[in-house]
Q: 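Got a structure for you, questions after.
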There are 2 protein chains.
Amino acid sequence: MSEITADLRKLAANTLRALAIDAVNQADSGHPGAPMGLADIAVVLFGEILRYDPSRPDWLDRDRFVLSNGHASMLLYGALHLSGYGLSLDDLKHFRQLKSKTPGHPEFGHTPGVETTTGPLGQGFANAVGFALGARMMKARFNGKGFSPFSHRVYGILGDGCMMEGVASEAASIAGHLGLGELVFLYDDNGITIDGQTNITFTEDVEKRFLAYGWHTLRVDGHDQLAVKQAIREAEKIEDRPSLILAKTHIGYGSPNRQDKSKAHGEPLGPDEGKLAKEKLGWTGAPFEVPAEVRAFFGKQAAAGKVAREAWEKNLAAWKLEQPELAKLWDGHFARKPGGAWKTALAALQGAKGATRAMSGTAINALAKEIPGLVGGSADLAGSTKNTIAGSGHVGPSDFTGRNLHFGVREHGMASIVNGLALYGGFVPFGATFLAFADYNRPALRLSALMKIRALEIFTHDSIGLGEDGPTHQPVEQLWALRVIPGYHVWRPADGVETAMAWAYAAEEGAPAPHALVFTRQNVAALTRPEGFDPQLVWKGGYVLQDAPGAQAVLIATGSEVGLAVAVAAKLAAAGKPVRVVSMPCLERFLAQDSAYQASVLPPGSKRCSIEAGRTGPWKMLTGLDGLNLGVDTFGESAPYEQVYDHFGLSPDKVVASVEGWLARG
Amino acid sequence: MSEITADLRKLAANTLRALAIDAVNQADSGHPGAPMGLADIAVVLFGEILRYDPSRPDWLDRDRFVLSNGHASMLLYGALHLSGYGLSLDDLKHFRQLKSKTPGHPEFGHTPGVETTTGPLGQGFANAVGFALGARMMKARFNGKGFSPFSHRVYGILGDGCMMEGVASEAASIAGHLGLGELVFLYDDNGITIDGQTNITFTEDVEKRFLAYGWHTLRVDGHDQLAVKQAIREAEKIEDRPSLILAKTHIGYGSPNRQDKSKAHGEPLGPDEGKLAKEKLGWTGAPFEVPAEVRAFFGKQAAAGKVAREAWEKNLAAWKLEQPELAKLWDGHFARKPGGAWKTALAALQGAKGATRAMSGTAINALAKEIPGLVGGSADLAGSTKNTIAGSGHVGPSDFTGRNLHFGVREHGMASIVNGLALYGGFVPFGATFLAFADYNRPALRLSALMKIRALEIFTHDSIGLGEDGPTHQPVEQLWALRVIPGYHVWRPADGVETAMAWAYAAEEGAPAPHALVFTRQNVAALTRPEGFDPQLVWKGGYVLQDAPGAQAVLIATGSEVGLAVAVAAKLAAAGKPVRVVSMPCLERFLAQDSAYQASVLPPGSKRCSIEAGRTGPWKMLTGLDGLNLGVDTFGESAPYEQVYDHFGLSPDKVVASVEGWLARG
């Protein structure tokens with residue numbers, strides 16, 4: 001490639017700045033400051049560093065780029081447009097408009113070239129750690145065996161806000177521990193946040209902090225493109241540690257009255273200051289104008305990427321022919337269709353007894369045989385969450401072949417890295433912790449739902465049934481708190497059959513979506529199922545487990561309370577009050593069924609009682625106002641779990657008494 | 001005090017170890033390893049360092065002690081018992097039993113001497129940062145003016161788990177920035193976590209990391225009591241920086257087969273290993289035996305604390321007489337009773353127009369005049385969350401007189417520090433961020449509810465009404481996710497009157513409890529209220545805003561949708577379909593009213609429609625199955641907010657059409 005002139009570099013950066021000014025002004029909404037400050041870095045990344053083919057944004061060996069400070073979205077949209085991704089000037093002109101391809105913050109699955117949804121700060125950085133981990137794990141599986149299909153890197157930008165978020169600290173510590181040299185992050189060190197200069201609250205030594213995590217660090221002037229390029233090339237040479245490049249930049253670069261001020265962050269420059277900024281930058285183009293030479297500059301990089309991608313595909317195809325075993329593994333990771341793995345899981349769990357967390361472990365190990373991409377780990381609770389894949393090692397700094405991960409006590413980092421692995425491709429990743437700590441990783445669960453990715457979380461110790469650890473560890477509100485996330489699936493299986501089917505649905509059978517798999521610490525009752533029971537009924541989310549002629553009511557229960565409902569039903573039947581028992585392992589799935597199916601399970605006009613060891617109020621959405629809702633509406637208690645259940649009125653006899661009283665009231 | 005012999009030191013530590021072994025064995029549940037490893041440190045802290053009076057655990061100038069690794073609860077319970085707090089040997093024998101004073105993890109408000117509820121890792125450390133900040137702020141208000149009522153320090157212990165949690169990083173960064181020299185934390189560096197050795201995932205240089213945050217650090221052998229004491233005394237001398245003492249310890253110290261092993265962490269030693277451990281330690285006492293000299297040793301420290309407390313009280317009383325102005329301020333902080341501040345807030349907001357977030361700012365400033373302890377800040381969004389107290393400065397490293405705080409982009413750290421300030425006493429503290437980011441600080445909100453403390457959070461930009469920032473920033477599920485936390489109050493005021501009353505209830509009128517105060521970004525309609533409207537009705541959580549003779553249905557709405565409901569009611573009335581409008585600013589309060597009041601608002605059998613720009617399902621608990629529930633059940637959209645409302649069917653005309661269709665269906 002011929003030398004890039006200083007004038008062209010400047011023009012390219014100013015094109016990005018002008019696009020940001022124009023789009024934000026046109027929307028009268030958005031964040032111009034960061035795109036203007038980061039334009040030089042983006043020119044280097046998209047024009048000289050990143051290997052990508054805009055015609056195939058899903059190419060597996062593309063370099064990944066993550067804009068963790070997602071509010072700088074116009075930087076990314078501008079760069080994607082200039083690089084030839086499927087984003088037109090018209091899309092840029094509709095920045096932040098209804099149904100446009102250019103929403104306020106970058107959204108995965110919505111805009112080609114956006115690798116992950118960012119905006120909630122710190123998480124994009126952690127997703128990128130997941131990308132780098134994914135790359136390293138794929139390298140360990142496939143590289144160096146005649147062909148090395150994974151040679152890309154993971155680049156990204158994060159700002160002061162990301163730096164301050166705890167999730168970034170967690171992820172940085174993991175990346176440093178694992179020595180993820182694929183990772184090259186630029187820190188937009190502009191000294192300004194929304195409330196003023198960063199030094200009003202952020203005076204830590206970021207470089208020293210990252211050195212403490214085991215990172216390689218560099219400092220650079222973020223407006224000196226040649227220096228930025230050289231720093232990145234230096235960083236790429238360091239393969240045993242991730243790199244952080246601390247880039248000094250000026251927010252709102254070029255704006256005479258806004259540069260280096262908070263005001264540049266989140267308000268449009270407006271027409272007057274926009275004009276002044278363009279003058280200062282020496283920009284003479286019309287609004288949304290892109291000079292031909294700038295387009296050509298980015299086009300060269302894209303064209304080179306296309307050539308590389310085509311060569312890669314050719315090599316891959318040849319290699320797969322030469323290496324049938326590896327080709328099979330490859331297809332298991334990247335071309336697997338739902339393959340009936342549920343049958344394997346179900347066979348492993350027929351008649352299972354014990355705690356559902358142990359059944360989950362059985363399901364994982366059964367599915368792991370069928371799904372090579374199933375990988376995961378816990379937040380330092382593997383012995384309790386029972387998620388270890390037997391016969392496979394743990395990923396560590398010197399060996400990435402294993403399928404088990406150690407996340408440490410870093411729930412938010414864990415879930416964000418799981419999101420990164422899911423986005424990376426080829427993996428069905430899971431994290432694991434106690435259900436009470438779903439509060440710690442909730443921000444990442446929300447983004448997995450927004451992105452509609454198959455990111456799984458195992459949540460054990462799912463109720464007061466965990467007993468002695470007490471209210472700090474007993475989830476009461478978490479089930480409903482998760483159920484209200486749009487598109488998020490919460491499974492709370494009652495026994496081995498439901499555990500197998502829930503796991504299989506989450507890992508493979510369902511459309512890509514995030515799932516929480518929720519399990520007990522304590523043993524559950526073994527359920528008897530009718531002859532000829534179709535286990536795929538479980539996938540409907542709720543079904544009639546046990547019917548009774550002349551049923552006077554329907555008991556709706558989940559998880560460990562299904563066995564309780566069955567015991568209660570037996571006692572009620574003996575007392576001449578037959579009831580139907582409905583198991584409801586996944587409300588999200590049940591509500592997705594048609595009304596005819598729903599009515600077949602919950603007949604219109606039927607009296608309904610919900611039983612779940614958690615908050616009761618929202619169950620009125622199934623039971624109606626005259627339903628009975630048994631559960632736990634305060635925090636729990638520290639004691640042996642049978643006593644806690646009894647304390648909250650959830651022993652069989654107390655439930656029978658409650659139901660009889662309710663039936664008697666008509 | 002006479003020299004403490006090495007034998008007595010050893011005996012005291014072994015007493016704590018034996019109590020932990022015995023209590024955990026008796027409960028057949030719990031964590032013996034950390035108490036055994038930390039016993040030497042606890043002897044130094046409770047026997048020689050901490051200034052406390054067990055007969056007055058609420059003494060304002062006591063040293064605070066926080067056990068952030070709350071699973072080591074038996075260490076704390078043992079130390080509290082030996083120090084003479086109201087914890088008997090019988091209480092220790094009922095460790096982890098129903099309704100005992102010794103639950104699995106330490107609970108504030110439940111056990112005397114427990115300063116904060118810990119167990120969910122990292123948060124106790126952050127609470128302690130709040131304590132130290134509180135101390136520094138009180139010093140700035142009262143010390144050095146004839147008497148210095150605040151001279152205590154804040155001590156604590158944290159483990160590897162706390163160290164890995166992001167919230168600890170956030171809080172440590174803030175503490176370092178502010179130079180909180182009151183803080184002396186000991187890091188239980190035992191190299192072991194549940195899943196194995198910490199180095200399987202945690203190899204960062206903790207000391208270097210804390211130096212990067214601006215802390216003072218020391219290293220010590222955690223089993224050398226004299227060295228520990230000396231290190232603490234060294235740390236106390238450093239007044240301009242918080243101190244971290246990295247203490248090398250052995251988990252399960254003394255257990256021949258468990259020491260330095262993960263197995264020591266969370267399982268009882270059992271009778272056999274318990275016996276072996278006691279033999280190895282040279283412990284010959286009976287189960288739960290406490291040697292008299294050990295009791296005397298701790299008793300001396302407690303007795304000295306009592307003397308100090310009594311002197312302090314005498315000095316305080318004299319000083320208050322001499323300094324009537326300061327005495328008034330003192331009583332404003334520490335002896336204030338609900339004083340009708342709501343009238344001031346209401347007067348400031350009568351007829352207010354605009355966005356409720358701006359009204360919130362008015363309410364804060366009105367209440368701040370009446371409540372000197374009202375302090376708070378935002379997670380770098382003060383310009384948007386409108387929470388700045390005018391006429392007061394910002395707290396910074398060199399000046400702690402202000403009432404405004406800069407938390408930076410650290411939501412979880414913020415809410416945990418707010419919890420610490422609330423626990424500290426004398427403050428009515430608040431944090432502030434966007435409602436979507438309630439996900440980031442949720443673990444701290446849960447603990448504030450469990451602790452029943454007046455810890456407030458302002459959450460603005462409370463719906464799709466924030467517009468262009470799009471789905472990453474538009475809360476849809478957060479209102480319900482917060483409402484399901486037991487005892488947590490979620491207020492979503494509709495106008496100035498409700499904003500004033502909600503704020504006054506949260507800050508002063510209600511019993512101590514945490515409250516979320518939720519506000520719009522966009523302007524809301526000005527509501528007309530009936531002549532003679534009693535504003536205290538707002539405190540009932542839901543009330544009839546506007547009735548209509550022959551009402552065919554009840555519209556229940558919150559926040560910005562109340563104005564929408566009023567507009568809809570007018571259109572329906574014009575069409576001959578009168579409806580009642582109920583405003584429901586706080587569901588928690590409404591559900592706390594008696595059934596007669598509830599029925600007066602929602603007449604039994606009435607047809608009901610809920611309108612709230614968020615998840616709809618749980619509203620069935622008020623509307624019943626045949627109710628209509630209008631809201632947003634998917635993620636939002638990036639666009640100008642009026643268009644987003646219209647897109648989701650929440651324009652007046654679309655709501656009228658929905659309601660008419662529903663009424664027509666009968």
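By convention in this document, chain letters (A, B, ...) are assigned in the order of the sequence lines, proteins followed by strands, and residues within each chain are numbered from 1.
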Q: Does A:Y440 reach the main-chain N or O of B:Y440 with its side chain, forming a donor-acceptor pair under 3.5 Å?
A: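 Pair absent, no side-chain N/O of A:Y440 close to backbone of B:Y440.
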
Q: Please classify the contact of A:H94 with chain B as side chain, backbone, both or neither, using a heavy-atom distance under 4.5 Å.
A: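 Nothing of A:H94, per the 4.5 Å heavy-atom cut-off to chain B.
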
Q: May I ask you to decide if B:S29's main-chain N or O and A:E468's side chain share a donor-acceptor pair within less than 3.5 Å?
A: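 Not confirmed, A:E468 side chain does not pair with B:S29 backbone.
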
Q: Could you tell me if B:S169 and A:R209 have a donor-acceptor pair between their side chains, going purely by distance under 3.5 Å?
A: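 Side-chain D/A pair, A:R209 to B:S169: absent.
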
Q: Is a donor on one side and an acceptor on the other found under 3.5 Å between the side chain of A:D469 and the backbone of B:G104?
A: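 No; judged by distance alone, with no hydrogens or angles, the pair does not exist.
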
Q: Measuring from atom CG of A:L211 to atom CD of B:E204, what distance do you get when rounded to the nearest 0.5 angstrom?
A: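 CD of B:E204 is found 12.5 Å from CG of A:L211.
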
Q: Nearest 0.5 Å, what's the OG1-NE2 distance between A:T472 and B:H105?
A: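 So the gap between those two atoms works out to 5.0 Å.
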
Q: Sort B:E637 into side chain, backbone, both or neither according to what part of it lies under 4.5 angstrom from a heavy atom of chain A.
A: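 For B:E637, side-chain heavy atoms alone lie under 4.5 Å from chain A.
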
Q: Just by distance, do the side chain of B:R615 and the backbone of A:V484 share a donor-acceptor pair under 3.5 Å?
A: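 Pair found, side chain donor or acceptor close to backbone of A:V484.
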
Q: Report yes or no: do B:H177 and A:T203 form a side-chain donor-acceptor pair below 3.5 Å?
A: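 Yes, a side-chain donor-acceptor pair sits under 3.5 Å.
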
Q: Among B:G470, B:P103, B:G487, who wins on heavy-atom pairs under 4.5 Å with chain A?
A: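 Winner by heavy-atom pair count: B:P103.
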
Q: With a 4.5 angstrom heavy-atom cut-off, is it the side chain or the backbone of B:F407 that approaches chain A, or both, or neither?
A: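 Just the backbone, heavy atoms under 4.5 Å.
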
Q: What part of A:A449 is in contact with chain B, defined as an atom under 4.5 angstrom from a non-hydrogen atom: side chain, backbone, both or neither?
A: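 Backbone plus side chain of A:A449, per the 4.5 Å heavy-atom cut-off to chain B.
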
Q: Using a cut-off of under 4.5 Å on heavy-atom pairs, state which of B:P397, B:P120, B:G70 scores highest against chain A.
A: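 Looking at each of B:P397, B:P120, B:G70 in turn, B:P120 comes out on top.
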
Q: Apply the test side-chain hydrogen bond (donor to acceptor under 3.5 Å, both in side chains) to residues B:T201 and A:R410: give CA-CA distance (whole Å), side-chain angles for both, the deciding distance (0.1 Å), then the verdict.
A: CA-CA 10 Å; B:T201 183; A:R410 307 177 181 106; 2.8 Å; yes

Q: Within this structure, what is the CE-CZ distance for the pair A:M451 and B:F635, rounded to the nearest 0.5 Å?
A: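 Here the interatomic distance stands at 10.0 Å.
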
Q: When heavy-atom pairs shorter than 4.5 Å are enumerated against chain A, which of B:N199, B:V167, B:L121, B:V476 gives the highest number?
A: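 When all of B:N199, B:V167, B:L121, B:V476 are compared, B:L121 has the most.
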
Q: Name the member of B:A481, B:G614, B:G467 that forms the most heavy-atom pairs with chain A at distances under 4.5 Å.
A: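 Top count of heavy-atom pairs under 4.5 Å with chain A: B:A481.
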
Q: Sort out for me which of B:G196, B:P443, B:S378 touches chain A most, counting heavy-atom pairs under 4.5 Å.
A: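 Heavy-atom pair counts peak at B:P443.
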
Q: Atom CD of B:E107 and atom OG of A:S638: how far apart are they, to the nearest 0.5 Å?
A: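 Going from the CD atom of B:E107 to the OG atom of A:S638 covers 7.0 Å.
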
Q: Between B:D633 and chain A, which part of the residue has a heavy atom less than 4.5 Å away: side chain, backbone, both or neither?
A: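 Answer is backbone: N, CA, C or O of B:D633 sit under 4.5 Å from chain A.
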
Q: Between A:R483 and B:E477, does any side-chain N to carboxylate O distance fall below 4.0 Å?
A: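 The answer is no: the pair does not qualify as a salt bridge.
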
Q: For residues A:P618 and B:M621, report the shortest heavy-atom separation together with the two atoms involved.
A: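 Residues A:P618 and B:M621, closest heavy atoms: N-CE, 3.6 Å.
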
Q: For A:E642, I'd like to know if atom CD has over 12 heavy atoms of other residues, nucleotides or ligands within 6.0 Å.
A: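 Yes.
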
Q: Let me know if B:S173 has heavy atoms under 4.5 Å from chain A in its side chain, its backbone, both or neither.
A: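 Both backbone and side chain.
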
Q: Where on B:A444 is there a heavy atom nearer than 4.5 Å to chain A: the side chain, the backbone, both, or neither?
A: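 When you check distances to chain A, no heavy atom of B:A444 falls under 4.5 Å.
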
Q: Could you tell me which portion of B:T623 (side chain, backbone, both or neither) has an atom closer than 4.5 angstrom to a non-hydrogen atom of chain A?
A: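 The backbone, not the side chain.
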
Q: Report the distance from atom CD of B:Q643 to atom CD of A:Q97, rounding to the nearest 0.5 Å.
A: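 B:Q643 CD to A:Q97 CD: 6.0 Å, rounded to 0.5 Å.
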
Q: Mind ranking B:I194, B:D380, B:D205 by heavy-atom pairs under 4.5 Å with chain A and telling me who comes out on top?
A: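 So the answer, after comparing B:I194, B:D380, B:D205, is B:D380.
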
Q: Is the closest side-chain heavy-atom distance between A:H412 and B:E165 below 4.5 Å?
A: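 A:H412 does not reach B:E165 side chain to side chain.
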
Q: When rounded to the nearest 0.5 angstrom, what distance separates CG in B:D646 from CG in A:L98?
A: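 It is 9.0 Å, given to the nearest 0.5 Å.
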
Q: Measure distances from B:H647 to the heavy atoms of chain A and classify the residue's part below 4.5 Å as side chain, backbone, both or neither.
A: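 Side chain only.
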
Q: Given a strict heavy-atom distance threshold of 4.5 Å, which part of B:N441 is in contact with chain A: side chain, backbone, both, or neither?
A: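 Neither part, no heavy atoms under 4.5 Å.
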
Q: Taking the six-membered ring where the residue is Trp, are the ring centres of A:F202 and B:H406 under 6.0 Å apart?
A: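 Between B:H406 and A:F202, which both carry aromatic rings, the centre distance is not below 6.0 Å.
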
Q: Over all heavy atoms of both residues, which pair between B:E170 and A:M164 is shortest? Give the atoms and the distance, please.
A: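 Nearest pair, atom of B:E170 first, then A:M164: CG-O, 3.5 Å.
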
Q: Is B:P475 close to chain A through its backbone or its side chain, or both, or neither, when contacts mean heavy atoms under 4.5 Å?
A: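 B:P475 touches chain A through backbone heavy atoms alone.
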
Q: Can you say whether B:H71 sits under 4.5 Å from chain A via the side chain, the backbone, both, or neither, judging by heavy atoms?
A: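 Interface part for B:H71: neither.
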
Q: Is chain A contacted by the side chain of B:T117, its backbone, both, or neither, given a heavy-atom distance below 4.5 Å?
A: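 Contact with chain A is through the side chain of B:T117 alone.
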
Q: Which atoms of B:T118 come close to chain A, meaning under 4.5 Å heavy atom to heavy atom: side chain ones, backbone ones, both, or neither?
A: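 Just the backbone, heavy atoms under 4.5 Å.
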
Q: Does the side chain of A:R442 come within less than 4.5 Å of B:Q478's, by heavy atoms?
A: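 Not in contact.
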
Q: Is it the side chain or the backbone of B:L622 that comes within 4.5 Å of chain A heavy atoms, both, or neither?
A: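 Backbone only.
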
